[in-house]
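Excluded from the calculations below are hydrogen atoms, water molecules and symmetry mates; all remaining heavy atoms, backbone and side chain alike, are included. In this chain, numbering begins with 1 at the start of the sequence shown.
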Amino acid sequence: MKKILFALFAMLSCISANAAIFDGIDLNANRIQVMREISVKGYVYDEAKDCLTGKCQGTEIFLSFNLEDTKDKNKIGQLIIEVPTADFQNSALIFNVVYHQIAAGNNTFTYDVDPDGTTMVLEKTATGVKLIYNTPYYEKK
């Protein structure tokens, strides 16, 4: 249980109070700059998982990006973070305290996380949780 709680707190510490910042990286910067900064942080592409892998505050996470569904092709539409060791219920409790929940569904919660229009979807997966950050540039199709 301590390990699960530690993973949740590590995940939260990677996500700053400003939701447009992930692990010190400004997600509102142009996508080339974001990708460069992510590689500097040590995240590497894992071909088998088709995503970037790395550690955030000691917790292994998987990152992927939606670069297609954007209003501005030079920006990131979504940042998708998978945390295989996190517990969904504890994550939901923590995020309900930190952010304003705007929608709930079956094993999914949506939060308004920044005045710039950024929202976050917390979703239960078979192995942990997935956080999907919809930047202000995200354009749902």
Practice prompt. Work out which heavy atom in K55 is nearest to a heavy atom in Y43; give both atom names and the distance.
Written response: O-OH, 3.7 Å
Discussion item. Apply side-chain contact (heavy atoms from CB on, under 4.5 Å) to residues V121 and Y111 and explain how you reach the verdict.
Written reply: CA-CA 6 Å; V121 177; Y111 300 92; over 6 Å; no
Response to the item:
By ring-ring contact (aromatic ring centres under 6.0 Å, His included), F109 pairs with (sequence neighbours left out) F88
Worksheet, complete the sentence: One should read off an interatomic distance between N66 CG and K140 NZ, to the nearest 0.5 angstrom, of 12.0 Å
Worksheet item: Is the side chain of K130 donor-acceptor paired with the backbone N or O of T125 at a distance under 3.5 Å, no angle test?
Response: no
Discussion item. Please check this pair: side chain of T118 against backbone of D114, looking for a donor-acceptor N/O pair closer than 3.5 Å.
Written reply: no
Discussion item. So which atom in I61 and which in C56 form the shortest heavy-atom distance, rounded to 0.1 Å?
Written reply: CD1-CB, 3.7 Å
Worksheet, complete the sentence: The side-chain contact (heavy atoms from CB on, under 4.5 Å) partner of I38 among D23, I25, V44 is I25
Fill in: Nearest heavy-atom neighbours spanning L63 and C51
O-CB, 3.2 Å
Worksheet item: To the nearest 0.5 Å, how far apart are CG in D46 and CG in L52?
Response: 9.0 Å
Item to complete: Would you tell me whether D72 and T70 have side-chain atoms, one donor and one acceptor, within less than 3.5 Å of each other?
Response: no
Worksheet item: Between I80, N107, T108, which is the residue that forms a side-chain contact (heavy atoms from CB on, under 4.5 Å) with E123?
Response: T108
Worksheet item: Yes or no on side-chain contact (heavy atoms from CB on, under 4.5 Å) for L122 and V129, after CA distance, side-chain angles and deciding distance?
Response: CA-CA 7 Å; L122 174 68; V129 298; 4.0 Å; yes
Discussion item. Give me the atom names and distance for the closest heavy-atom approach of Y99 to M120.
Written reply: CD1-CE, 4.2 Å
Item to complete: Taking all non-hydrogen atoms of both residues into account, name the closest pair between K75 and N30 and its distance.
Response: NZ-N, 4.0 Å
Item to complete: Please report the closest heavy-atom contact between P136 and N28, naming both atoms and the distance.
Response: CD-OD1, 3.7 Å
Discussion item. Counting only heavy atoms from other residues, nucleotides and ligands, does the tally under 6.0 Å from NZ of K73 exceed 12?
Written reply: yes
Discussion item. T119 vs N134, test: side-chain hydrogen bond (donor to acceptor under 3.5 Å, both in side chains). Steps then yes/no.
Written reply: CA-CA 5 Å; T119 61; N134 299 313; 3.2 Å; yes
Practice prompt. Might you work through the side-chain contact (heavy atoms from CB on, under 4.5 Å) test for T135 and K71, ending with a clear yes or no?
Written response: CA-CA 10 Å; T135 72; K71 297 172 191 166; over 6 Å; no
Discussion item. Any donor-acceptor pair under 3.5 Å linking the side-chain atoms of D50 with those of Y45?
Written reply: yes
Discussion item. The test is side-chain contact (heavy atoms from CB on, under 4.5 Å); show your working for Y137 and N74 and say whether it passes.
Written reply: CA-CA 10 Å; Y137 305 103; N74 193 32; over 6 Å; no
